[in-house]
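Whatever order the structure lists them in is the order used to number ligands and atoms, beginning at 1. Residue numbers run from 1 in the order of the sequence given. Every heavy atom of this structure was used, including side-chain atoms; hydrogens, water molecules and symmetry mates were not.
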Amino acid sequence: MRKGPIGVFDSGYGGLTVLKEIVKVLPENDFLYLGDNARTPYGNRSFETIYEYTLECVQYLFDQGCHLVILACNTASAKALRNIQQKDLPNIAPDKRVLGVIRPTAEVIGKYSSSKNVGVLGTTGTINSESYLIEIKKIFPELAVHQQSCPMWVPLVENGEFDQPGADYFVEKYLNELMEKSKDIDTILLACTHYPLLIDKIKQFIPEEMKVLNQGEIVAPSLLDYLQRHPEMSDKCSKTGRLDFLTTDSTEIFNRHAEVFFGNKIFSQFVHI
Ligand code: DGL
């Protein structure tokens, strides 16, 4: 058995906000990031398309030697994870594992809210899947979950408009729509990997005391915990502190944009999937 990096998949740049937090808690591990930039955004695509694209990318990461793949993308986690885990893995790679971001988030979200009312902001795909409603109900049945899709937020971030005055309109619009659903919301979850880049704008339109949960900070300790509970998987993960980045679109554009999401300069490699 050859050890391999942990694969981290996202439809584009967004998963870098999750990887950034994961690297802080697992600095010795190797990671192979794959952004499907050529086909992003996933958020408004059909179930079948998101499943097909995600499975292709997971298979690619397996082919590169990954034994464990994290779907850092909420949309992919909501639409494709269950099928991949239950239908595909037993046939294509029974000893490999694919984990998502929704379950680890659902496991802790109830601890943050005193009013027992949380808001979940995500892409149309994530929200319509009702995955958060279903998963949170299993763990915190007393929690009221108010959902809001924010279809314009990913394009704003992807196009570098996240800190520009033009973004204010759509940031305020979706937050107002969420707040109209309940006056008791005291915690909001950014259930899309792109949204942390809008955090400064989001804070302008919500009460100061409202908590805003950044998913990377939840997923990272959960992955650490998973590897501690599964030493057989941890042993298969190579640990030289290496980070590699793959994109299905222009490396030049990826390198330019990715730094904003990851915080450090990135040199990516092009892959055709
Ligand atoms: N990264 C995706 C997520 O977390 C959003 C981007 C997209 O729509 O592709 O939901």
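- Here the protein heavy atom with the shortest distance to atom 5 (C) of ligand 1 is C192 SG, 3.4 Å.
- When the heavy atoms of G122, S11, C73 are ranked by distance to atom 6 (C) of ligand 1, first place goes to S11.
- In this structure, a donor-acceptor pair under 3.5 Å is absent between the side chains of D200 and Q204.
- Checked by atom type and distance alone, the side chain of S149 never pairs as donor or acceptor with a backbone atom of P151 at under 3.5 Å.
- In terms of polar-atom proximity, defined here as any N/O pair under 3.5 Å, G14 makes no such contact with ligand 1.
- Ring planes of F9 and Y42: tilted class, angle from 30 to 60°.
- Residue contacts with ligand 1, taken as heavy atom pairs separated by less than 4.0 Å, do not involve N44 at all.
- Residue T123 has no N or O atom closer than 3.5 Å to an N or O atom of ligand 1.
- With distances taken over non-hydrogen atoms, the option nearest atom 7 (C) of ligand 1 out of W153, Y53, Y42 is Y42.
- Taking every non-hydrogen atom of H194 and a distance limit under 4.0 Å, the qualifying atoms of ligand 1 come out as 1 (N), 5 (C), 6 (C).
- Residue contacts with ligand 1, taken as heavy atom pairs separated by less than 4.0 Å, involve N74 via backbone and side-chain atoms alike.
- Ranking the protein heavy atoms by distance from atom 8 (O) of ligand 1 puts G43 N, 2.8 Å first.
- Looking from atom 10 (O) of ligand 1 to the surrounding protein, the closest heavy atom is T75 OG1, 2.7 Å.
- The contact set between ligand 1 and D10, taken as ligand atoms under 4.0 Å from a residue heavy atom, comprises 1 (N).
- At a threshold of 4.0 Å, the pair E56-R39 counts as salt-bridged, since one of the basic side-chain nitrogens sits closer than that to a carboxylate oxygen.
- Less than 4.0 angstrom separates some heavy atom of T40 from each of these atoms of ligand 1: 9 (O).
- For the atom pair I127 CD1 and L121 CG, the distance stands at 7.0 Å (nearest 0.5 Å).
- Remark: aromatic rings of Y33 and F262 are distant, center separation not under 6.0 Å.
- Contact check on K181 versus E177 returns no salt bridge, with no Lys/Arg side-chain nitrogen under 4.0 Å from an Asp/Glu carboxylate oxygen.
- Here the side chain of S77 pairs no donor or acceptor atom with the backbone of L81 at under 3.5 angstrom.
- The closest approach between a heavy atom of G12 and any atom of ligand 1 is not below 4.0 Å.
- Within the listing of ligand 1, atoms 1 (N), 2 (C), 3 (C), 4 (O) sit less than 4.0 angstrom from a heavy atom of T193.
- A donor and an acceptor atom, one from each side chain of N74 and T126, are nowhere located under 3.5 Å apart.
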